[in-house]
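A quick write-up on the structure given underneath.
As the structure lists them, so they are numbered: ligands from 1, and atoms in each ligand from 1.
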Amino acid sequence: MAIDVDALLARVPTGLLIGGTWRDASDGGTYDVENPATGETIARLASGTSDDARAALDAACEVQGEWAATPARERSNILRRAFDLVQERKEEFATLMTLEMGKPLAEARGEVVYGGEFLRWFSEEAVRDYGRYAPTPEGNLRMLTVRKPVGPCLLITPWNFPLAMGTRKVAPAVAAGCTMVLKPARLTPLTSQYFAQTMLDAGLPAGVLNVVSGASASAISNPIMEDSRLRKVSFTGSTEVGKQLMAKAAENVLRTSMELGGNAPFIVFEDADLDDAVAGAMGAKMRNTGEACTAANRFLVHESVAEEFGRKFAAKISELTMGNGLDEKTTCGPLVEAKALKSISELVDDATERGAKVLVGGKAGEGAGYFYEPTVLADVPSDARVITEEIFGPVAPIVTFSTEEEAMKLANATEFGLASYVYTQDTSRMFRVSDHLDFGLMGFNAGVISNAAAPFGGVKQSGLGREGGAEGLDEYTTIQYIGIKDPYAGH
Ligand code: NAD
């Protein structure tokens, strides 16, 4: 279905959402949003100041008590209506994401389904908020545990999944009864603006969700985090910024959820079905033009099958069509900005200077937009930067190994611990390697494993906490224990 892009952009609110009203920035400032496929400016939004950030937190704090007291069924119904509205607006959301972030339309539609599911999942979880009642082992007390919303939250999201990274935080916060200030990424705020309007359309009361985006992230986050009324910060983004926010959160002892960077190994054992592994590799590497925290970063392939895997993978990669994501034929979009293109080019140059062989791709695209050719590199030394750093682009480096033990060592040789992938037909090996791999997520013979019902999150420097699943609601609740004198106790 063709969408009238100008009419759609005109429907996206351009202001800051504070206390249920879209308004201009307090100093009248604005910032521009660009289409990375063309380099053109597509929208101008209000740029939130520190005063606006404080006003947004004021609005969230004002309604926190009332919102926490709203019956769970009402909160659940709002989320369910929001789920329906997001699906009704699927083409609009998909087009906005492609316009501001570059991913191909088919993938953007996939994100509407995936991102929308968090609304449905947490509409269901909202009413399953169980406590506990039990006697103490000594018999002196009866113990009651009650879950409470943690309180006003600051939610900071990245640009790579503009809808899903927002719904994954907003939906459990709404389900738990928290109010919030959402700060979307500067590069991709349009989807969040439209999503916030959709939440209002679904009946979310004024002040529960406030949205402040702007040219300076810290001008917005610092005053909010310095205010002792804030109770939690949930962040998805780079490990570098995550560490700064954790240090800042320590000042007021804030609850934190941190979904940070990754360096996922994709391990192909000698007994793997290679065609299946190549199909999985395409999803694990090329989804979102490689701009995913779960993206396969290092292909660790047994030496006996490395040549065949590399050949088949390169052949599939060469079938991709690079271009503007709005064109239905496009299967690989641009990178998000000029800086990303420069960083990918440097990583590939470093690998080839150290002896890596380019099987396909290996250079930037021509013309406007930030394109880099989908690339496979073979014979990559394990100390090349493309192996040790998060790539965040369509580049697949292959490293070989000779034993399972060596594969485990190589896989774990990173400070990150988010996603990992293993291809083998041996189920005992499957369980053995899961014991050894230090990663929060593992895909076995599966290249794309994210799901609203699954607990998503990392270990080591990939972060703290889980999003999605039943665990995703725990991040927004706190437990109060009430000890009641046992009626049969002798004191
Ligand atoms: P980023 O850290 O640059 O930005 C993320 C968000 O933080 C944005 O909203 C940005 O405006 C804000 N921000 C930046 N500096 C800030 C500061 N000093 N104070 C407060 N906020 C600040 O990351 P990015 O480039 O948007 O996203 C890419 C990174 O995110 C990658 O490392 C990727 O692995 C990670 N990521 C992780 C997950 C996950 O679930 N673990 C998911 C998606 C992306």
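Nearest non-hydrogen protein atom to atom 27 (O) of ligand 1 is Pro158 CB, 3.5 Å. In terms of protein heavy-atom proximity, atom 35 (C) of ligand 1 is nearest to Gly237 O, 3.1 Å. In terms of protein heavy atoms, atom 12 (C) of ligand 1 is closest to Ile156 CG2, 3.8 Å. Closest to atom 10 (C) of ligand 1 among all protein heavy atoms lies Lys183 NZ, 4.0 Å. Nearest protein heavy-atom neighbour of atom 38 (C) of ligand 1: Cys293 SG, 2.9 Å.
Aromatic ring orientation, Phe118 versus Phe122: parallel (interplanar angle below 30°, classes split at 30° and 60°). The aromatic rings of Phe266 and Phe299 lie tilted to each other, with the angle between the two planes from 30° to 60°.
Using a 4.0 Å cutoff on heavy atoms, Phe161 does not count as a contact of ligand 1. Not a single heavy atom of Val336 sits closer than 4.0 Å to an atom of ligand 1.
Ser257 and Lys232 form a side-chain donor-acceptor contact under 3.5 Å, judged by distance and modelled atom types alone. One side chain, Glu100 or Thr191, offers a donor N or O that lies under 3.5 Å from an acceptor on the other. A donor and an acceptor atom, one from each side chain of Thr49 and Asp52, are located under 3.5 Å apart.
Protein heavy atoms are found less than 4.0 angstrom from atom 41 (N) of ligand 1.
Contacts classified as salt bridge (Lys or Arg N to Asp or Glu O under 4.0 Å) and involving residues 21-42 (residues at least two apart or in different chains) are given here: Asp32-Arg44.
With a 4.0 Å cut-off on non-hydrogen atoms, Glu240 does not touch ligand 1 at all. At a heavy-atom distance under 4.0 Å, only side-chain atoms of Arg168, from C-beta outward, approach ligand 1. Contact annotation for Asn222 and ligand 1: no heavy atom of the residue comes within less than 4.0 Å of the ligand.
Within ligand 1, the atoms closer than 4.0 Å to a non-hydrogen atom of Phe392 are 28 (C), 31 (C), 33 (C), 34 (O), numbered from 1 in the order shown. Within the listing of ligand 1, atoms 2 (O), 13 (N), 14 (C), 15 (N), 16 (C), 17 (C), 22 (C) sit less than 4.0 angstrom from a heavy atom of Val241. Contact atoms of ligand 1 toward Trp159: 24 (P), 25 (O), 26 (O), 27 (O) (distance under 4.0 Å to a heavy atom of the residue). Per-residue contacts place Leu418 under 4.0 angstrom from the following atoms of ligand 1 (heavy atoms of the residue considered): 41 (N). For ligand 1, the atoms closer than 4.0 angstrom to any heavy atom of Ser221 are 19 (N), 20 (C). Ligand 1 places these atoms under 4.0 Å from at least one heavy atom of Thr157: 6 (C), 8 (C), 9 (O). Remark: ligand 1 atoms within the under-4.0 Å shell around heavy atoms of Gln244 are 18 (N). Numbered from 1 in the order shown, with element, the atoms of ligand 1 that lie under 4.0 Å from a heavy atom of Asn160 read 43 (C), 44 (C).
Looking at Thr414, Thr388, Asn263 one by one, the single match for side-chain hydrogen bond (donor to acceptor under 3.5 Å, both in side chains) with Asn297 turns out to be Asn263.
Stacking of Arg186 on the aromatic ring of Tyr31 is not recorded, the 6.0 Å distance cut-off and the 45° axial limit not both being met.
Residues satisfying the side chain to side chain contact (heavy atoms under 4.5 Å, CB included) criterion with Ala53, sequence neighbours excluded, are Ile220, Pro223, Ile224.
Side chain of Thr98 to main chain of Thr95: no donor-acceptor pair is present (N/O by atom type, distance under 3.5 Å, no hydrogens or angles).
Nearest residue to atom 34 (O) of ligand 1 from Glu467, Glu390, Lys339 is Glu390 (criterion: closest heavy atom). Among Ile220, Thr236, Thr188, the residue whose heavy atom lies closest to atom 5 (C) of ligand 1 is Thr236. Ranked by closest heavy atom to atom 1 (P) of ligand 1, the top entry among Ala217, Ser238, Gly468, Pro184 is Ser238.
The shortest heavy-atom contact between Phe161 and Glu291 is CE1-O, 4.2 Å.
Here the straight-line distance linking atom CG of Leu230 with atom CG of Leu57 works out to 6.0 Å at 0.5 Å rounding.
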